[in-house]
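Each chain gets a letter, A, B and so on, in the order its sequence line appears, and its residues count up from 1.
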Number of protein chains: 2
Amino acid sequence: MGETERIVQRMSDQGLRITEQRRTLAQLFAEAPGYLTPKEIYDHMQRVYPGLSFDTVYRNLRVMQELDVIEQFMLEEGVKFKRSCGEPHHHHHMICLQCEKTVPIRSCPMPDTAVPSGFEVVRHKFEVYGYCADCRESGDRAQASAGRTP
Amino acid sequence: MGETERIVQRMSDQGLRITEQRRTLAQLFAEAPGYLTPKEIYDHMQRVYPGLSFDTVYRNLRVMQELDVIEQFMLEEGVKFKRSCGEPHHHHHMICLQCEKTVPIRSCPMPDTAVPSGFEVVRHKFEVYGYCADCRESGDRAQASAGRTP
DNA sequence: CTCGGTGCAAATAATTTGCACAGTT
DNA sequence: AACTGTGCAAATTATTTGCACCGAG
């Protein structure tokens, strides 16, 4: 079963009606390597369904997010969506600045981090940004100095 | 010299004219422990300057951000601003979910993180969320289970 | 005195909602 | 057939811009 079908199945299981549009959305997210903005999603859908309206896209994004088939992120550039990672165990990500593909990192820095006394840790975020092997090879990335984050 | 003065000085040095409003903004950020939304900032300023308009707040936030006296963040709840941390060396933060105060962490997990072969690291983000000692004591935080982030 | 800063109003952009009709189950 | 999903238009909310006047240096 392809990723698209898995997503469609997940939506169907939860009682959602599977329309042409939702199937296409599922496929879009199944195939997209990285993050998508509402506008990008709308543009893609628009090409397939010329009569499409923006609010339908927003509505479906929200529904799919509630069903946990996609996740919403607040990045510097604004709101973006990505297929839910699905990995059941705790992990973090490397995110390619060129293609936005994400690669899971299994190791977690939290257990090794010294916490100031009295501080009660609830959750944490660890994300690594850079260029993935594919993008480095194809050289179509912006120049990248291998510097360390300041 | 107080933090307020330091901020005002920094703005003045860069050629900004110091208006009453900007001084008050500087003071607000100097004294605010955590993050502020544009609306919170406007509300505060509004109390002092009844005739204040929202666009002036936005304009000043942008200027102050460009001068690096404040920083902008995209959080789940939207855009927020905070006084620039100012620590010159690489570090990360613990952020209190109650009062939003930030505490620097000196250790960095990056050097100990295994990077998938071929991935070129450019920068990273490591943030720890929880409850600071003050908020735990005063007990006015939401209930907090000491769980580990999934 | 000079030019940057401010208020006002209006323009944009991003997102949400109400309603009648169309399509999925 | 029953009810959910969609398009359309309009409402909100967030942010930006143009312009004439005011105040800091």
Using whole Å, report how far [atom1] of [X] lies from [atom2] of [N].
X	N	atom1	atom2	answer
B:Tyr42	D:dT13	OH	C1'	14 Å
A:Glu20	D:dT4	CD	C1'	16 Å
B:Lys80	D:dT15	NZ	P	13 Å
B:Asp43	D:dA14	CG	C1'	14 Å
B:Asp55	D:dT16	CG	C1'	9 Å
A:Glu66	D:dT4	CD	C1'	15 Å
A:Leu61	D:dT6	CG	P	11 Å
A:Phe54	D:dT13	CZ	C1'	16 Å

Name the nucleic acid region contacted by [X], choosing base, sugar-phosphate or nothing; use a 4.0 angstrom heavy-atom cut-off, strictly under.
X	result
B:Asn60	sugar-phosphate
B:Arg62	sugar-phosphate
B:Ser53	base

Take B:Arg17 and B:Arg59, find for each the nucleotide of DNA chain C with the closest heavy atom, and name the residue whose nucleotide sits nearer the 5' end.
B:Arg17
Would you say A:Gln21 places a side-chain N or O within less than 4.0 Å of OP1 or OP2 belonging to D:dT6?
yes
For D:dT6, does OP1 or OP2 lie under 4.0 Å from any side-chain N or O of A:Arg22?
yes
Determine whether the aromatic ring centres of [X] and [Y] lie less than 6.0 Å apart.
X	Y	value
B:Phe81	B:Phe73	no
B:His89	B:His91	no
B:His124	B:His90	yes

Angle class for the A:Tyr58/A:Phe54 ring planes (parallel below 30°, perpendicular above 60°, tilted otherwise)?
parallel
A:Glu40 and A:Tyr42 side chains, donor-acceptor separation under 3.5 Å
no
Between B:Lys39 and B:Leu16, which is nearer to the 5' end of DNA chain D once each is assigned its nearest nucleotide?
B:Lys39
Shoot me the first and last contacting nucleotide of DNA chain C against chain A, ordered 5' to 3', at under 4.0 angstrom to non-hydrogen atoms.
C:dA14 to C:dT25
Would you say NZ of A:Lys39 has more than 12 non-hydrogen atoms from neighbouring residues, nucleotides or ligands within 6.0 angstrom?
no
For residues A:Ile70 and A:Leu61, report the shortest heavy-atom separation together with the two atoms involved.
CD1-O, 3.6 Å
